Amino acid sequence: MTPNDSTPSKPARRIVLTGGPGAGKTVISQTLVDRFPDRFVRVPEAATQVYSDLATRWDKLDTAGQKRVQRLIFAHQIQQENALSLAHPGKTLLLDRGTIDGAAYWPDGAAAYWVDLGTTLSDQLSRYDQVIWLETAAALGIYDGEESNPVRFETPTDAVRSGQVLRELWRDHANLYHIGAFVTLEDKVQAVIEAIGVPALNVR
């Protein structure tokens, strides 16, 4: 199987948390895994790993560099998903972003992203069982930028705009949920739990 194989078997259920910077994807996914380790396995954000390994970030690269890094992120995302899915067939993968998120950062637009990677939006949507779009806290004026993630470069306005782009990219998924911004993290965690739809998890 090549790194860019976009249609592997899916022995584990996959739930994506997506949204703009500051939406709480990382904290919420880790919180759920910590609370329910027998049920969930976390798939960490590939972009943060790749940018950290390269000691750079998106806004510091030229166009060619941005494309090269997005290809690396896509390949690493699939590698992680496949490895964890096979290693934990009885658990649900909780993903901090999915393969489609990279289209929001492709310099030539989403359509060119799919062509370059030799896949389609439809194929990538089919990888995932559920998608939960989270509105960034920047919409409420709560945003710490690169303080919580050194590879983050977006301003509060950029964070909101990025979230809107991602919401549009994922809009055709058959099991897409929208969760607005919350002042408290716990309220947002509970909203995600409800969206997942497992009553037994509705405990604090």
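From a predicted model like this one, the values you see are computed outputs, not experimental measurements.
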Original post:
Side chains of L95 and I15: closer than 4.5 Å at any heavy-atom pair?
Top reply: no
**OP:** List for me each residue that meets salt bridge (Lys or Arg N to Asp or Glu O under 4.0 Å) alongside K188, sequence neighbours excluded, and say none if there are none.
**Re:** none
Original post:
Are side-chain heavy atoms of L93 and F40 found at a separation under 4.5 Å?
Top reply: no
**OP:** State plainly whether one hydrophobic cluster holds both V115 and L72, where clusters connect Ile, Leu, Val, Met, Phe, Trp and Tyr through side-chain heavy atoms under 4.5 angstrom apart.
**Re:** no
Subject >> 4.5 Å side-chain heavy-atom contact, I179 and V192 >> reply: yes
Subject >> Approximate separation, where rounding is to 0.5 Å, of Q130 CD and L176 CG >> reply: 9.0 Å
Subject >> Any donor-acceptor pair under 3.5 Å from S126 side chain to D123 backbone >> reply: yes
Subject >> Gap between atom CG of D108 and atom OG1 of T63 - 0.5 Å precision >> reply: 7.5 Å
Original post:
Considering only heavy atoms from C-beta outward, does the side chain of L140 approach that of V183 to under 4.5 Å?
Top reply: yes
**OP:** Calculate, to the nearest 0.5 Å, the distance between atoms NE2 and CD belonging to H76 and Q80 respectively.
**Re:** 3.5 Å
Original post:
If we only count heavy atoms from C-beta on, is the W114 to Q124 side-chain gap below 4.5 Å?
Top reply: yes
Subject >> Heavy-atom closest contact (R57 atom, L61 atom, distance) >> reply: O-CG, 3.6 Å
**OP:** For A138 and A159, work out which heavy atoms get closest and say how close.
**Re:** CB-CB, 4.1 Å
Original post:
Where the side chain of K25 meets the backbone of V16, is there a donor-acceptor pair that is under 3.5 Å apart?
Top reply: no
Subject >> Which residues share a ring pair (Phe, Tyr, Trp, His ring centres under 6.0 Å) with W106, sequence neighbours left out >> reply: Y113
Original post:
Atom OG in S85, atom CD1 in I78: separation rounded to 0.5 Å?
Top reply: 12.5 Å
Original post:
Should V43 and L94 count as side-chain neighbours, where that means a heavy-atom distance under 4.5 Å?
Top reply: no
**OP:** Quick one: pull up OH in Y51 and CG in D59 and give me the separation to the nearest 0.5 Å.
**Re:** 8.5 Å
Subject >> Pair W170 and Y128, ring centroids less than 6.0 Å apart >> reply: yes
**OP:** Show the numbers, then the answer: is there a side chain to side chain contact (heavy atoms under 4.5 Å, CB included) between R13 and K91?
**Re:** CA-CA 7 Å; R13 178 172 167 79; K91 295 184 180 182; over 6 Å; no
**OP:** Can you sort out the partners of Q66 under side chain to side chain donor-acceptor pair (under 3.5 Å), two or more places apart, ordered by chain and number?
**Re:** none
Original post:
Can you name the residues that form a side chain to side chain contact (heavy atoms under 4.5 Å, CB included) with R161, not counting sequence neighbours?
Top reply: T157, D158
Subject >> Single-linkage hydrophobic cluster L121~W133, side-chain heavy atoms < 4.5 angstrom >> reply: yes
Subject >> Distance-only donor-acceptor check, side chains E186 and Q190, under 3.5 Å >> reply: yes
Original post:
Do you reckon L117 sits in the same ILVMFWY cluster as V165, going by side-chain contacts under 4.5 Å, direct or chained?
Top reply: yes
Original post:
Are the side chain of Q49 and the backbone N or O of E45 linked by a donor-acceptor pair below 3.5 Å?
Top reply: yes
**OP:** Please test Y177 against V131 for side chain to side chain contact (heavy atoms under 4.5 Å, CB included), starting from the C-alpha separation and ending with a verdict.
**Re:** CA-CA 6 Å; Y177 289 76; V131 179; over 6 Å; no
**OP:** Would you mind reporting whether I100 and L125 have side-chain heavy atoms less than 4.5 Å apart?
**Re:** yes
Original post:
So, for A195 and I132, which heavy atoms are closest and what is the spacing to 0.1 Å?
Top reply: CB-CD1, 4.0 Å
Original post:
Between T56 and K60, what is the shortest heavy-atom contact and its length?
Top reply: OG1-CB, 3.7 Å
Original post:
If you round to the nearest 0.5 Å, how far is CG of L54 from CD1 of I73?
Top reply: 8.5 Å
Original post:
Got a salt bridge between K67 and D116, using NZ or NE/NH1/NH2 to carboxylate O under 4.0 Å?
Top reply: no
**OP:** Identify the heavy atoms of L169 and A104 that sit nearest to each other, and give their distance.
**Re:** CD1-N, 3.6 Å
Subject >> For the student: nearest non-hydrogen atoms of A46 and Q77, plus distance >> reply: CB-OE1, 3.5 Å
**OP:** Spell out, yes or no, whether F74 and L84 are grouped together once hydrophobic residues are joined by side-chain heavy atoms under 4.5 Å, including indirect joins.
**Re:** yes
Original post:
Looking at residues at least two apart in the chain, or sitting in another chain, which of them share a side chain to side chain contact (heavy atoms under 4.5 Å, CB included) with R42?
Top reply: T26, S29, Q30, V33, P44, D96
Subject >> Pairwise side-chain contact, L134 with I28, heavy-atom cut-off 4.5 Å (strictly under) >> reply: yes
**OP:** Tell me, please, which residues at least two apart from E81 pass salt bridge (Lys or Arg N to Asp or Glu O under 4.0 Å).
**Re:** R14, R127
**OP:** Look at the side chain of H88 and the backbone N and O of G90, then say whether any donor-acceptor pair between them is shorter than 3.5 Å.
**Re:** no
**OP:** Apply side chain to side chain donor-acceptor pair (under 3.5 Å) to D34 and T31, showing your working.
**Re:** CA-CA 5 Å; D34 289 344; T31 297; 5.8 Å; no
**OP:** Go through V27 and L185 one step at a time and tell me if the side chain to side chain contact (heavy atoms under 4.5 Å, CB included) criterion holds.
**Re:** CA-CA 9 Å; V27 176; L185 174 64; 3.4 Å; yes
Original post:
Do any N or O atoms from the side chain of E135 and from the backbone of G180 form a donor-acceptor pair under 3.5 angstrom?
Top reply: no
